[in-house]
Asks: 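One structure, as structure tokens, below. Some questions next.
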Amino acid sequence: MLDLLRFIFLGIIQGITEPIPVSSSGHLLVFQKLVGGIENIDFGILATITNLGSFLAICLIFKNRIIELVKSFFGYLKNKDKKDYNNYKYCWYVVIATIPAGIMGLIVTKLGIFDFLEENVKFVGVTLLITALFLFLIRNFKGSKDSNKITFKDAIVVGLFQVVALIPGISRSGSTIVAGMFRKFKRDTAFDFSFILYIPISIATTMLGIKDLIDANLSVNMICLYLTSMIFAFIFTYIGTKWFRNLVTKGKLIYFVYYCLVVGTLILIFL
């Protein structure tokens, strides 16, 4: 029962922190240090499985937009219908913005560039303070670009900011939303582009983690526990994403500035 509660708790942490700009991986590391009795949890496997839960939640929230984009992309390829062109172009910009992080992600994984940071809780404190600074800088940005006005240069800039999120403790959603708002995206446009961009990245992350899942040879009991975490990650990612979108569109990012400042400082002092 205690193990079940721990897996539920970690699934909730992943679900809440995945969509908001505070780094889900960083929070899982912090809670790994704070909560005792979790030596039997493989946090690599946990990250893969809970990420899948978050991925399914994001797909559910954006299902209509995803269907619209897929139909328009193939519709334009087939018929060259002008009404599909903007969405067709948007799809290519998602691909372009994904490439930098995809390439760097493979390099980082193969070379183990950030391995020395993955167990460093204090580094999470530092990255939270960095996140607070960037969120503070764009807290009042409104922007004027909607999805139809995104350019190739915009996609490259957002993609490069997403590379920064490969550093342990840096939020992917935070970095890409900050990039979008620096590029004068409307708040809802920055949010939507960030989360549509999450989908190919999440697919790649899950695929890379499949081998570890197979090699782990988990017992039926452990499979059930990890799936429980995934279910709770799904539920709370769904809730958290809806809540976060509301805050972004209302220009309430200052709340996350305060959060990152306080939590980052506490981590540096006490952990």
Asks: What are the two closest non-hydrogen atoms of L28 and Q14, and how far apart are they?
Replies: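 Closest approach of L28 to Q14, heavy atoms only: CD1-OE1, 3.8 Å.
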Asks: Report whether V262 and L271 are members of the same hydrophobic cluster (ILVMFWY, side-chain heavy atoms less than 4.5 Å apart, transitive linking).
Replies: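 The answer is no; the residues belong to distinct hydrophobic clusters.
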Asks: Side-chain contact, heavy-atom cut-off 4.5 Å: F195 with R65?
Replies: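 SC-SC contact between F195 and R65 ruled out.
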Asks: Out of curiosity, does I103 fall in the hydrophobic cluster containing L111 (side-chain heavy atoms, cut-off under 4.5 Å, transitive links)?
Replies: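 The answer is yes; both residues are in one hydrophobic cluster.
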Asks: Under 3.5 Å, is there a donor-acceptor pair between the T17 and S24 side chains?
Replies: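 No donor-acceptor contact under 3.5 Å links the two side chains.
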Asks: Are F9 and F31 close enough that some pair of their side-chain heavy atoms sits under 4.5 Å apart?
Replies: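 They are in side-chain contact.
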Asks: Would you compute the distance between atom OG of S54 and atom CD1 of I49 and round it to the nearest 0.5 angstrom?
Replies: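 These two atoms lie 12.5 Å from each other.
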Asks: Report yes or no: do I66 and L77 belong to one cluster of Ile/Leu/Val/Met/Phe/Trp/Tyr joined by side chain heavy-atom distances under 4.5 Å?
Replies: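 Yes: a chain of side-chain contacts under 4.5 Å links I66 to L77.
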Asks: Under 4.5 Å between any side-chain heavy atoms of V124 and N120, yes or no?
Replies: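 No; the side chains remain at least 4.5 Å from each other.
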Asks: Identify the heavy atoms of P100 and I96 that sit nearest to each other, and give their distance.
Replies: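 Between these two residues, the closest heavy atoms are CD-O, 3.1 Å.
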Asks: Give a yes or no on whether K80 atom NZ has more than 12 heavy-atom contacts from other residues, nucleotides or ligands under 6.0 Å away.
Replies: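 Yes.
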Asks: At their closest point, which heavy atom of V248 faces which heavy atom of R187, and how far apart are they?
Replies: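 Smallest interatomic distance, heavy atoms only, reads O-CD, 3.2 Å.
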Asks: Could you walk me through whether F191 and F244 satisfy the ring-ring contact (aromatic ring centres under 6.0 Å, His included) test, starting with their C-alpha distance in whole Å, then the side-chain angles of each, then the deciding distance to 0.1 Å, before giving a yes or no?
Replies: CA-CA 9 Å; F191 180 91; F244 182 42; 5.6 Å; yes
Asks: Would a distance-only check, ignoring hydrogens and angles, find a side-chain to backbone donor-acceptor pair under 3.5 Å from N79 to D81?
Replies: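 Absent.
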Asks: In terms of the angle between their ring planes, are F161 and F182 parallel, tilted or perpendicular, with boundaries placed at 30° and 60°?
Replies: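 Aromatic pair F161/F182 classed tilted.
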Asks: Could you give the distance from CG (L4) to CZ (R6), rounded to the nearest 0.5 Å?
Replies: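 Here the interatomic distance stands at 11.0 Å.
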Asks: I'd like to know if M207 and L56 are part of one continuous hydrophobic network [Ile/Leu/Val/Met/Phe/Trp/Tyr, side-chain heavy atoms within less than 4.5 Å].
Replies: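 Yes, because L56 and M207 connect within a single hydrophobic cluster, where side-chain heavy atoms sit under 4.5 Å apart.
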Asks: Let me confirm one number: the CG-CD1 distance from L166 to I107, rounded to the nearest 0.5 Å.
Replies: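 Going from the CG atom of L166 to the CD1 atom of I107 covers 10.0 Å.
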Asks: Does a side-chain heavy-atom distance below 4.5 Å link F193 with V94?
Replies: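 A side-chain contact exists here, since the closest heavy-atom pair is under 4.5 Å.
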Asks: Treating R245 as the side-chain partner and G240 as the backbone partner, does any N or O pair qualify as donor plus acceptor under 3.5 Å?
Replies: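 Checked: no pair found.
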Asks: Can you confirm whether Y198 sits close enough to E18 that some side-chain heavy atom of one is under 4.5 Å from a side-chain heavy atom of the other?
Replies: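 In short, these two side chains touch, coming nearer than 4.5 Å.
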Asks: Let me confirm one number: the OH-CG distance from Y226 to L10, rounded to the nearest 0.5 Å.
Replies: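 So the gap between those two atoms works out to 10.0 Å.
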Asks: Are I201 and L160 co-members of a hydrophobic cluster defined by side-chain heavy atoms under 4.5 Å apart?
Replies: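 Hydrophobic grouping puts L160 apart from I201.
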Asks: Check the side chains of T176 and S194 for a donor-acceptor pair under 3.5 angstrom, ignoring hydrogens and angles.
Replies: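 Judged by distance alone, the side chains do pair up.
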Asks: Does a side chain donor of either N51 or S202 reach within less than 3.5 Å of an acceptor in the other side chain?
Replies: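 Side chains of N51 and S202: pair found under 3.5 Å.
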Asks: Once you round to the nearest 0.5 Å, how far does CD1 of I239 lie from CH2 of W243?
Replies: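 Interatomic distance, I239 CD1 to W243 CH2, rounded to 0.5 Å: 11.5 Å.
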Asks: Is there a side-chain contact between D154 and K184 in this structure, where contact means two heavy atoms from C-beta onward sitting under 4.5 Å apart?
Replies: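 D154 does not reach K184 side chain to side chain.
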Asks: Is it the case that the side chain of D42 and the backbone of I45 share a donor-acceptor pair, with hydrogens and angles ignored and the cut-off at 3.5 Å?
Replies: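 Judged by distance alone, yes, a pair lies under 3.5 Å.
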Asks: Q162 and S175: side-chain donor and acceptor closer than 3.5 Å?
Replies: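 On atom types as modelled, these side chains do not qualify, holding no pair under 3.5 Å.
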Asks: Return the minimal non-hydrogen interatomic distance between I254 and R139, and the atom names on each side.
Replies: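 In this case the closest contact between I254 and R139 is CD1-CD, 3.9 Å.
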Asks: Carefully, step by step, assess V263 and V22 under the rule side chain to side chain contact (heavy atoms under 4.5 Å, CB included).
Replies: CA-CA 10 Å; V263 175; V22 298; over 6 Å; no
Asks: Between F55 and I203, does a side chain to side chain contact (heavy atoms under 4.5 Å, CB included) hold up when you go through it step by step?
Replies: CA-CA 8 Å; F55 166 76; I203 291 172; 3.7 Å; yes
Asks: Under the side chain to side chain contact (heavy atoms under 4.5 Å, CB included) test against I267, which residue among L29, L128, V126 passes?
Replies: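 Looking at L29, L128, V126, the match for I267 under the side chain to side chain contact (heavy atoms under 4.5 Å, CB included) is L128.
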Asks: For the pair F232 and T237, evaluate side chain to side chain contact (heavy atoms under 4.5 Å, CB included) and give the outcome as yes or no after the intermediate values.
Replies: CA-CA 8 Å; F232 277 86; T237 297; over 6 Å; no
Asks: Do I67 and K71 have side chains that get closer than 4.5 Å, going by heavy atoms?
Replies: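 Contact flag for I67/K71 side chains = yes.
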Asks: In the structure I gave you, are the side-chain heavy atoms of L247 and F256 within less than 4.5 Å of one another anywhere?
Replies: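 Answer yes - side chains close enough.
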Asks: If you measure from OH on Y93 to OG1 on T151, what distance do you get to the nearest 0.5 Å?
Replies: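 Interatomic distance, Y93 OH to T151 OG1, rounded to 0.5 Å: 6.0 Å.
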Asks: Could you walk me through whether R183 and K153 satisfy the side chain to side chain contact (heavy atoms under 4.5 Å, CB included) test, starting with their C-alpha distance in whole Å, then the side-chain angles of each, then the deciding distance to 0.1 Å, before giving a yes or no?
Replies: CA-CA 9 Å; R183 294 298 302 168; K153 185 176 181 180; 3.7 Å; yes
Asks: Identify whether the distance between the nearest side-chain nitrogen and carboxylate oxygen of D146 and K149 falls below 4.0 Å.
Replies: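 No, this pair does not count.
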Asks: Looking only at heavy atoms, what is the nearest atom pair of G209 and T48, with distance?
Replies: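 Reported closest heavy-atom pair: CA-OG1, 3.8 Å.
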Asks: Where the side chain of S229 meets the backbone of F7, is there a donor-acceptor pair that is under 3.5 Å apart?
Replies: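 Looks like yes, one N/O pair under 3.5 Å.
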Asks: Looking at every non-hydrogen atom in both residues, tell me the closest pair between S173 and P19 and how far apart they are.
Replies: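 Minimum heavy-atom contact is OG-O, 3.0 Å.
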